[in-house]
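The model shown is predicted, which means the values in this text are computed figures rather than measured ones. So you know, we letter chains A, B, ... as the sequences are listed, proteins then strands, and number each from 1.
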There are 2 protein chains.
Amino acid sequence: MRTLTRKGAATRQRILEGAAAHIREHGVADMTLDDVLARTATSKSQLFHYFPDGREELLLAVARFEADRVLEDQRPQLGDLTSWSAWQSWRDKVVDRYRRQGRLCPLNAVTSQLGIRTPGAQAVVTELMHRWQAEIATGVRHMQDAGEIDPALDPDRAAAALLAGIQGGVLIQMSTGETDHLEAALDMGIAHLRAGRPAPS
Amino acid sequence: MRTLTRKGAATRQRILEGAAAHIREHGVADMTLDDVLARTATSKSQLFHYFPDGREELLLAVARFEADRVLEDQRPQLGDLTSWSAWQSWRDKVVDRYRRQGRLCPLNAVTSQLGIRTPGAQAVVTELMHRWQAEIATGVRHMQDAGEIDPALDPDRAAAALLAGIQGGVLIQMSTGETDHLEAALDMGIAHLRAGRPAPS
DNA sequence: GCTAGCATGGATCGGCAAGTCCAGTCTGGA
DNA sequence: TCCAGACTGGACTTGCCGATCCATGCTAGC
């Protein structure tokens with residue numbers, strides 16, 4: 001696997017995306033390697049050719065794939081939280097993204113399947129959370145610089161709380177199918193940011 | 001299984017708690033029925049005698065078992081959120097509970113394993129969330145009656161947001177091992193409740 | 001103390017799915 | 001054009017684990 005021909009890279013990608021799609025539709029516990037092969041018109045030797053460690057390596061690759069999507073799906077709003085209307089528009093995008101996704105969170109599914117024994121999976125999630133939180137915190141700092149948020153507020157801690165609310169909202173949605181909690185958490189988080197702002201000069 | 005003798009009930013309970021303990025230690029994917037049997041000194045026929053639908057029924061029972069623990073572990077504080085110091089003490093108890101529990105959340109593990117195809121698992125979680133949210137909302141109403149929280153605030157929505165923060169904080173803890181997000185979410189949620197309170201007469 | 005039916009032990013089955021292997025094909029650089 | 005090595009197909013092995021079954025112990029009410 002040192003060198004991949006174009007054809008090889010395409011096959012690898014097809015397997016990866018096929019696995020991701022299957023997981024999004026049926027969950028990870030139901031995913032068998034043969035399912036992926038059938039869906040992607042590939043054979044077992046190919047799968048093990050591109051993912052020598054088999055199922056585990058494939059799942060980890062899916063986790064990375066899905067983790068990348070999460071932040072991308074919030075662009076460009078996430079990187080540009082420089083006005084209250086931008087925050088609102090980001091909030092709407094997040095809600096919409098997860099509403100579309102439905103009850104199944106592929107990333108949570110994969111990581112909870114890989115579990116403790118695979119530190120790699122946790123690293124993927126941890127890094128995602130750090131990047132996500134950092135981007136939110138940047139937005140908070142922007143608003144502080146603009147005098148819209150109390151400068152005494154700790155941006156990282158505020159971002160952490162907001163991120164936790166999002167994660168929990170999505171988690172609850174996985175059971176209830178409703179985005180009420182996600183929306184409430186986002187609205188409360190943003191309201192809290194606005195509440196403590198200095199009086200307009 | 002219509003009637004259980006005392007001995008039978010004890011065996012059933014032993015299997016249930018053994019399974020729960022194994023899941024808490026090793027995760028659900030690693031749990032095999034033989035593991036449970038070995039740990040509880042029982043035999044396969046007993047397991048299927050008390051859980052005729054086998055693994056799935058056992059996991060569902062574990063989910064219920066763990067769900068009950070969650071709220072019980074927050075007593076008596078959760079049922080008595082009638083002063084700010086009570087809220088703070090509840091907050092500390094929640095953080096402490098999840099810090100003890102460590103990276104593995106048995107309930108999340110079990111439900112994400114049972115997944116979509118078992119509506120029962122989702123029902124267990126959904127009901128837990130409803131009860132939890134209702135108890136928090138009751139606390140909010142108490143504080144509103146006491147004039148400590150803005151009466152214009154929607155108690156259910158505030159409770160939903162706070163609950164989402166908790167869930168997300170715990171979820172993030174499962175990857176990072178840290179309770180920072182959980183604490184930030186709780187603190188922000190409670191701060192938000194206090195922030196909008198009417199000026200003391 | 002008898003007996004109906006609950007409780008237990010453990011051997012065995014059956015199937016599934018991960019992973020291996022080898023034989024054969026295609027690709028691209030020299 | 002040639003060939004090393006990348007790519008592909010699919011049968012096969014292997015081991016695990018959920019589930020079944022039946023023979024045998026035990027309990028509890030009468």
Side-chain angles (χ1 to χ4, degrees), chain A residues 1-20 22-23 25-63 109-110 113-115 117-118 120-121, chain B residues 1-20 22-23 25-63 109-110 113-115 117-118 120-121:
Chain A
M1 239 186 70
R2 306 190 184 101
T3 66
L4 287 184
T5 66
R6 196 174 311 167
K7 194 178 173 190
T11 300
R12 194 194 125 100
Q13 190 67 15
R14 208 164 73 246
I15 293 172
L16 176 57
E17 291 181 9
H22 189 95
I23 288 171
E25 292 165 24
H26 306 287
V28 72
D30 277 6
M31 188 208 77
T32 180
L33 296 189
D34 290 312
D35 288 337
V36 177
L37 303 183
R39 170 192 284 262
T40 57
T42 48
S43 70
K44 213 157 240 186
S45 62
Q46 296 178 69
L47 195 154
F48 279 88
H49 183 66
Y50 297 109
F51 302 93
D53 284 340
R55 180 187 176 83
E56 194 162 311
E57 187 175 352
L58 177 58
L59 288 183
L60 193 56
V62 170
V110 169
Q113 169 92 8
L114 286 175
R117 46 187 204 180
T118 311
Chain B
M1 236 186 72
R2 307 190 184 104
T3 66
L4 286 185
T5 66
R6 196 173 311 166
K7 194 178 174 191
T11 301
R12 195 195 124 98
Q13 191 66 13
R14 209 164 71 247
I15 293 173
L16 178 57
E17 291 180 8
H22 189 95
I23 288 170
E25 292 164 24
H26 306 286
V28 71
D30 277 7
M31 188 206 80
T32 179
L33 297 188
D34 290 312
D35 288 337
V36 178
L37 303 183
R39 169 192 284 261
T40 58
T42 48
S43 70
K44 213 157 243 189
S45 62
Q46 296 178 70
L47 195 153
F48 278 87
H49 183 63
Y50 296 110
F51 302 93
D53 283 341
R55 178 187 178 83
E56 195 163 309
E57 186 176 353
L58 177 58
L59 288 183
L60 194 55
V62 170
V110 169
Q113 171 90 10
L114 287 175
R117 45 185 207 182
T118 312

Worksheet item: Hey, is the main chain of B:Lys7 close enough, under 3.5 Å, to the side chain of B:Thr11 for a donor-acceptor pair?
Response: yes

Worksheet item: Does B:Gln46 make a side-chain N or O approach to OP1 or OP2 of C:dT8 shorter than 4.0 Å?
Response: yes

Discussion item. I need the NE2-P distance between B:His49 and C:dA7, as an integer number of Å.
Written reply: 4 Å

Practice prompt. Send over the distance from A:Gln113 CD to C:dA18 C1', rounded to a whole Å.
Written response: 13 Å

Under 3.5 Å between N/O atoms: give me all the protein pairs with nucleotides 24-30 of chain C, atom names plus distance.
none

Worksheet item: So, A:Thr5 side chain and A:Gly8 main chain: donor-acceptor pair closer than 3.5 Å or not?
Response: yes

Worksheet item: Ion pair present between B:Arg39 and B:Glu17, side-chain N to carboxylate O less than 4.0 angstrom?
Response: no

Practice prompt. Give the nucleotide from the list C:dT8, D:dT8, C:dG19 with an atom nearest to the side chain of A:Tyr50.
Written response: D:dT8

Worksheet entry | Length of the CG-C1' vector between A:Leu33 and D:dT13, whole Å | 16 Å

Discussion item. In whole Å, I'd like the distance from the CG atom of B:Leu37 to the P atom of D:dA19.
Written reply: 12 Å

Worksheet item: Quick one: are B:Phe51 and B:Arg12 in side-chain contact, heavy atoms under 4.5 Å?
Response: yes

Discussion item. Check this one for me: any side-chain N or O of A:Thr11 less than 4.0 Å away from OP1 or OP2 of D:dT8?
Written reply: yes

Discussion item. Nearest whole Å is fine: how far is C:dA11 P from B:Asp34 CG?
Written reply: 12 Å

Worksheet item: Choosing from C:dA7, D:dC7, D:dA19, which nucleotide comes nearest the side chain of B:Leu4?
Response: C:dA7

Discussion item. Using modelled atom types and a 3.5 Å cut-off, is there a donor and acceptor pairing between side-chain atoms of A:Asp30 and backbone atoms of A:Gly27?
Written reply: no

Practice prompt. Round to a whole Å and report the spacing from CZ of A:Phe51 to C1' of C:dT20.
Written response: 18 Å

Item to complete: Scan A:Ser45 against the nucleic acid and name what it touches under 4.0 Å (heavy atoms): base, sugar-phosphate only, or nothing.
Response: base

Worksheet item: Rounded to whole angstroms, how far apart are CZ on A:Arg12 and C1' on D:dT8?
Response: 17 Å

Fill in: Given DNA chain D, 5'-ward residue of the pair A:Thr42 and B:Gly54, judged by closest heavy atom
A:Thr42

Worksheet item: Does any donor-acceptor pair link the side chain of B:Lys44 with the base of D:dG18 at a separation under 3.5 Å?
Response: yes

Worksheet item: The side chain of B:Phe48 lies closest to which of these nucleotides: D:dT8, D:dA19, C:dG19?
Response: D:dA19

Fill in: Closest contact, heavy atoms only, A:Arg55 versus A:Val28
NH2-O, 3.4 Å

Discussion item. Using the rule given for side-chain contact (heavy atoms from CB on, under 4.5 Å), can you reason through A:Leu33 versus A:Leu58, listing the C-alpha separation, both sets of side-chain angles and the distance that settles it, and then say yes or no?
Written reply: CA-CA 9 Å; A:Leu33 296 189; A:Leu58 177 58; 4.3 Å; yes

Worksheet item: Over how many whole Å does the gap from B:Leu47 atom CG to D:dG18 atom P extend?
Response: 9 Å

